[in-house]
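Below is one structure; the comments refer to it alone.
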There are 2 protein chains.
Amino acid sequence: MCILSLLSTREMYGYEISKELDALSGGILRIEEGTLYPLLRRLEERGYLKGEWRYREGKARRYYKITPRGMDVLRKMRAFWAVLITVVNNILYGGESGGRE
Amino acid sequence: MCILSLLSTREMYGYEISKELDALSGGILRIEEGTLYPLLRRLEERGYLKGEWRYREGKARRYYKITPRGMDVLRKMRAFWAVLITVVNNILYGGESGGRE
DNA sequence: CTATATACATAGTATCACTAGGTATCTTGT
DNA sequence: ACAAGATACCTAGTGATACTATGTATATAG
């Protein structure tokens, strides 16, 4: 979900995504390369992303762009994430009152 | 985390936990028995829970109770969960909430 | 010219959720 | 009495996937 969200704002390549996630999350969402690259391929296989090789600064980079199908999945993931937070916080902190956070 | 949290308020047995999670979450946190029972044993192996057979209403039930070590782990999980929400929401909705930048 | 950072990749392992069964008891409807 | 369903626990097998460790190649800094 976080990767799709990052790519919903601009195209990025794998290594850039890992550095960005790391920086934006203060190290909480550090993702190993052995996890990231296979994941990006899975997301592309499923049609959520479209990858494209480009050569910049003497380096071969695979830039990823989110697809309309990916945007749709991202919307559903965001909605589910919001529900999950509510539900889990309800279990963690009891009260049915909607006014926390 | 949700199971530890439920057990931090009272002792429960496996089947009861699954029904409670299902009800409290509106079906979002439905957990299959093939997932639940092995999970409870792992949590007990790690010393987070203590299980005990009891016979009530003609049924053999294994009641689980959270241990001090389990309470400690639960506290850390709750803290991490709060950080995770902040960090993920920051990535999902842009960086306004955390006071960073 | 060596070390580090960048950039992508794969193989092997471990974890764990799920499917799909199994056993046994108790309750409810006919 | 009998069948069906709910309760209550269990295991074996499979699949998805995060991780470790390593390999390849180029560019940059000391």
Side-chain angles (χ1 to χ4, degrees), chain A residues 1-4 6-7 10-25 27-65 70 73 77 80-81 84 87-88 91, chain B residues 1-4 6-7 10-25 27-65 70 73 77 80-81 84 87-88 91:
Chain A
M1 176 175 68
C2 289
I3 288 173
L4 290 179
L6 283 183
L7 293 174
R10 70 173 195 280
E11 295 182 21
M12 297 175 77
Y13 54 96
Y15 194 78
E16 187 185 10
I17 291 171
S18 77
K19 295 298 169 191
E20 190 78 355
L21 271 181
D22 192 359
L24 284 175
S25 69
I28 297 294
L29 299 182
R30 182 165 291 133
I31 185 171
E32 304 299 324
E33 291 173 277
T35 305
L36 177 64
Y37 293 115
L39 171 56
L40 288 170
R41 276 200 303 277
R42 283 200 302 278
L43 293 174
E44 185 169 11
E45 274 167 32
R46 291 173 194 178
Y48 305 164
L49 301 181
K50 185 79 189 68
E52 188 189 326
W53 284 104
R54 285 186 207 151
Y55 301 85
R56 298 246 178 103
E57 303 157 33
K59 277 138 166 204
R61 293 170 177 165
R62 190 163 179 84
Y63 280 82
Y64 289 93
K65 188 182 164 68
V73 167
M77 282 175 165
F80 180 75
W81 171 245
L84 186 67
V87 155
V88 170
I91 287 168
Chain B
M1 176 174 70
C2 289
I3 288 173
L4 290 179
L6 283 182
L7 293 175
R10 70 175 196 276
E11 295 182 21
M12 298 175 76
Y13 55 95
Y15 195 79
E16 186 185 10
I17 291 171
S18 78
K19 295 298 168 195
E20 189 79 355
L21 271 181
D22 192 0
L24 284 176
S25 69
I28 297 291
L29 299 183
R30 181 164 293 133
I31 186 171
E32 304 300 324
E33 292 173 276
T35 304
L36 178 64
Y37 294 114
L39 171 56
L40 288 171
R41 277 199 303 276
R42 283 200 303 278
L43 294 175
E44 186 170 11
E45 272 167 33
R46 291 173 195 177
Y48 305 163
L49 301 181
K50 185 77 190 71
E52 189 190 324
W53 285 103
R54 287 188 206 148
Y55 300 85
R56 299 248 178 101
E57 301 157 36
K59 266 103 167 241
R61 294 169 176 167
R62 191 164 177 82
Y63 280 82
Y64 288 94
K65 185 182 166 65
V73 167
M77 283 176 163
F80 180 76
W81 171 245
L84 187 68
V87 155
V88 170
I91 286 168

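Order of the sequence lines fixes the chain letters, A, B, ..., with proteins taken first and strands second; residue numbering starts at 1 for each chain.
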Chi angles and distances behind the side-chain contact (heavy atoms from CB on, under 4.5 Å) call for I17(B), L7(B): CA-CA 9 Å; I17(B) 291 171; L7(B) 293 175; 4.1 Å; yes
Partner residues of M1(B) under the side-chain contact (heavy atoms from CB on, under 4.5 Å) criterion, sequence neighbours left out: V88(A), L92(A), L74(B), M77(B), W81(B)
Salt bridge (charged side-chain N to carboxylate O under 4.0 Å, His left out) against E44(B), all qualifying residues, sequence neighbours excluded: R62(B)
Toward the 5' end of DNA chain D, by each residue's nearest nucleotide, Y63(B) or E32(A): Y63(B)
Name the atoms and distances for all side-chain donor-acceptor pairs under 3.5 Å in residues 49-58 of chain B, with sequence neighbours left out.
from	atom 1	to	atom 2	distance (Å)
E52(B)	OE2	R54(B)	NE	3.4
R54(B)	NH1	E11(B)	OE1	3.1
R54(B)	NH2	E11(B)	OE1	2.7
R56(B)	NH1	Y63(B)	OH	3.4
E57(B)	OE1	R61(B)	NH2	3.3

Test item: L84(B) and L29(A) side chains (from C-beta on) under 4.5 Å apart, heavy atoms: yes
Pairwise distance NZ(K19(A)) to CZ(R30(A)) - rounded to 0.5 angstrom: 8.0 Å
Strand contacts (DNA chain C) in residues 33-50 of chain B, 4.0 angstrom heavy-atom criterion: G34(B), T35(B), R42(B), R46(B)
Where chain B begins and ends its contact with DNA chain D, read 5' to 3' at 4.0 Å from heavy atoms: dT7(D) to dT11(D)
Separation of I3(B) CD1 from I91(A) CD1 (nearest 0.5 Å): 10.0 Å
Identified side chain to side chain contact (heavy atoms under 4.5 Å, CB included) counterpart of Y64(A) within the set L43(A), L4(A), L40(A): L40(A)
From I28(B) atom CD1 to F80(A) atom CZ, the distance as rounded to the nearest 0.5 Å: 5.0 Å
For atom CE of M12(A) and atom P of dC8(C), their distance in whole Å: 11 Å
Between the protein and nucleotides 23-25 of chain C, list every N/O to N/O distance that falls short of 3.5 Å.
from	atom 1	to	atom 2	distance (Å)
dT25(C)	O3'	G58(B)	O	3.1

M1(B) CE - dC16(C) P separation (whole Å): 16 Å
R30(B) CZ - dT19(C) C1' separation (whole Å): 16 Å
Atom pair OH/NZ of Y15(A) and K59(A) - distance to nearest 0.5 Å: 8.5 Å
Test item: R42(B) and L39(B) side chains (from C-beta on) under 4.5 Å apart, heavy atoms: yes
Whole angstrom value for the distance that separates C1' of dA17(C) from CD1 of I31(B): 8 Å
